[in-house]
There are 2 protein chains.
Amino acid sequence: MQITKAGEYGVLGLIALARRPVGEVVMVDVLCEEEAIPRSFLGKIFQNLTKAGVVKSSRGSGGGFCLSRSAAEITALEIIEAVEGPIALQRCLETEPDCEHIGGCALCGLLTEAQDRIKEVFAKTSLADLAQRHLPNGLVQQARDRSLIPLKRDGQIGEKTNEAIFDGPLKQV
Amino acid sequence: MQITKAGEYGVLGLIALARRPVGEVVMVDVLCEEEAIPRSFLGKIFQNLTKAGVVKSSRGSGGGFCLSRSAAEITALEIIEAVEGPIALQRCLETEPDCEHIGGCALCGLLTEAQDRIKEVFAKTSLADLAQRHLPNGLVQQARDRSLIPLKRDGQIGEKTNEAIFDGPLKQV
DNA sequence: GCGAATCGGACCATTTTAGTCTTAAAATGA
DNA sequence: TCATTTTAAGACTAAAATGGTCCGATTCGC
């Protein structure tokens, strides 16, 4: 009962994309650096987002990804389901409506309700909302200018960077 | 983002237990047969429920499990968290309050909200509620008398039994 | 005290996650 | 046209979680 890394990275990558002017094509390399995501992984995740119609891709030099619609029209639900598949707490809801347990099972009702609540939360939140909440003050850039953020790259993961970042005057967000 | 089999079986096993008079000690064997759960697996699950104080165990011949409180005082949240660990969609909430992402992350807020909704649903539902919703008419016993339910046992799992069970007059639940 | 019955916990197989790597295809610009 | 740059697709892998089994320590009834 957790969001996967793929889902997490997907949202984060899209937030980075949503920070740019609409229509601007950005390489996956750039997005990865900004949000400290392993490069090849985000590439694969964005493939799914392309299939789902959330982003558009263009190949070749000068290529990259851009949002297929305005960030206000993309919901968190759409993103997460594109990456992780449909949200379904209960297994049997995925394929057939009847529960596999004997005589109709109380769990179905409970889990369906919980699942609907989650979907409500995700559906009412747009990518624009998320992008706005995420670092409203350009603190990332400040921190990066002060070399407080060692970037993660493939193979060589910087760890325990939080303290460094959050120490000092940047702390009072 | 799914409930685990362990969580599912835990709830189901407790429902079976809650059907009996309070204080009655029941062997896992019996509970397993009633809800078609692999025997040794439910044993392990009930270990966790014992540690969490949801059931009490007694060993030796004549031993088994009984609810430690009335079913109305046990919530689904308690059961599921006892079996699966705390419900935490977001990883970083589990250990530390600060998000690992740079400069405070929009995901934290979103996932925390979703998580709170799930907990609300689970917290407001008691085991007694579930037991009441689960087969109010004793349909299981009817079905079993008519040999419509091949019981699952260790090693030899009966599959695709649903059609057989739901066909015929039992269908209109 | 003995033996049967039961939980408790170590153990194991399979699936999922979280990535990486390689090859192919497409677009650009020289 | 050709080299370069970028995504697309998918095979591959290590590690963790899941789902489940099995045996031994413990306890009870006699």
_Rounded distance (Å) that lies between atom P of C/dA4 and atom CG of B/Asp29_ = 17 Å

_Nearest listed nucleotide, side chain of B/Arg59, among C/dG9, C/dG8, C/dT20_ = C/dG8

*If you check the B/Thr4 side chain, which of D/dG19, C/dG8, D/dG29 turns out closest?*
D/dG19

*Roughly how many Å is it from CZ in A/Phe41 to C1' in D/dT7, rounded to a whole number?*
17 Å

_Residues which pass side-chain contact (heavy atoms from CB on, under 4.5 Å) with A/Ala128, listed by chain and number, not counting sequence neighbours_ = A/Ala71, A/Ala72, A/Ser126

*asked:* Under 4.0 Å, counting only non-hydrogen atoms across every strand here, what does A/Phe65 touch: a base, just sugar-phosphate, or nothing?
replied: sugar-phosphate

*What is the distance, rounded to the nearest whole Å, between atom NZ of A/Lys5 and atom P of C/dT16?*
20 Å

*Length of the CE-P vector between B/Met1 and D/dT18, whole Å*: 14 Å

*Which part of the nucleic acid, if any, lies within contact of A/Gly43, taking any heavy atom under 4.0 Å across all strands shown: a base, the sugar-phosphate backbone alone, or nothing?*
nothing

*Nearest whole angstrom, please: distance from the P of C/dG8 to the NZ of B/Lys56.*
14 Å

*Which listed nucleotide (D/dT7, C/dA5, D/dA9) is nearest to the side chain of A/Lys51?*
D/dA9

_On a heavy-atom basis, which atom in A/Glu78 and which in A/Val54 lie closest, and how many Å separate them?_
OE2-CG2, 4.2 Å

*B/Tyr9 has an atom OH; how far is it from atom C1' of D/dT18, in whole Å?*
11 Å

*Determine whether A/Leu89 and A/Leu110 make a side-chain contact, defined as any pair of heavy atoms from C-beta on separated by less than 4.5 Å.*
no

_Does C/dG8 have OP1 or OP2 under 4.0 Å away from a side-chain N or O of B/Ser57?_
yes

_First of A/Thr50 and A/Ser61 reached from the 5' end of DNA chain D, by closest nucleotide_ = A/Ser61

*Verdict with supporting geometry, B/Asp116 and A/Val121, side chain to side chain contact (heavy atoms under 4.5 Å, CB included)*: CA-CA 10 Å; B/Asp116 289 345; A/Val121 172; over 6 Å; no

*asked:* Regarding C/dG19, can its base be found pairing with the side chain of A/Lys44 as donor and acceptor, where the two atoms are less than 3.5 Å apart?
replied: yes

*Of all the nucleotides listed (C/dG19, D/dC22, D/dT7), which has the minimum atom distance to the side chain of B/Ser40?*
D/dC22

*Where A/Ala18 and A/Ala131 come nearest, the two heavy atoms and their spacing*: CB-CB, 4.1 Å

_Of the listed nucleotides D/dT6, C/dG8, C/dA18, the one nearest the side chain of B/Gln47_ = C/dG8

*asked:* Report for the helix from C/dG1-D/dC30 to C/dA30-D/dT1: angle between first-end and last-end helix axes, five pairs each, rounded to 10 degrees.
replied: 10°

_Nearest to the side chain of A/Met27, heavy atoms from C-beta on, is which of D/dT7, D/dG29, C/dT20?_
D/dT7

_B/Arg39 CZ - D/dT21 C1' separation (whole Å)_ = 11 Å

_Results of side chain to side chain donor-acceptor pair (under 3.5 Å) for A/Thr50 - residues two or more places apart only_ = none

_Would you say that B/Thr75 contacts B/Leu127 through its side chain, given a criterion of any heavy-atom pair below 4.5 Å between the two side chains?_
no

*If you look at every heavy atom in A/Gly7 and A/Val83, which pair is closest and at what distance?*
N-CG1, 3.7 Å

*Length of the line joining A/Ile37:CD1 and C/dA18:P, which is rounded to integer Å*: 13 Å

*Between B/Gly62 and A/Gly60, who's closer to the 5' end of DNA chain C by nearest nucleotide?*
B/Gly62

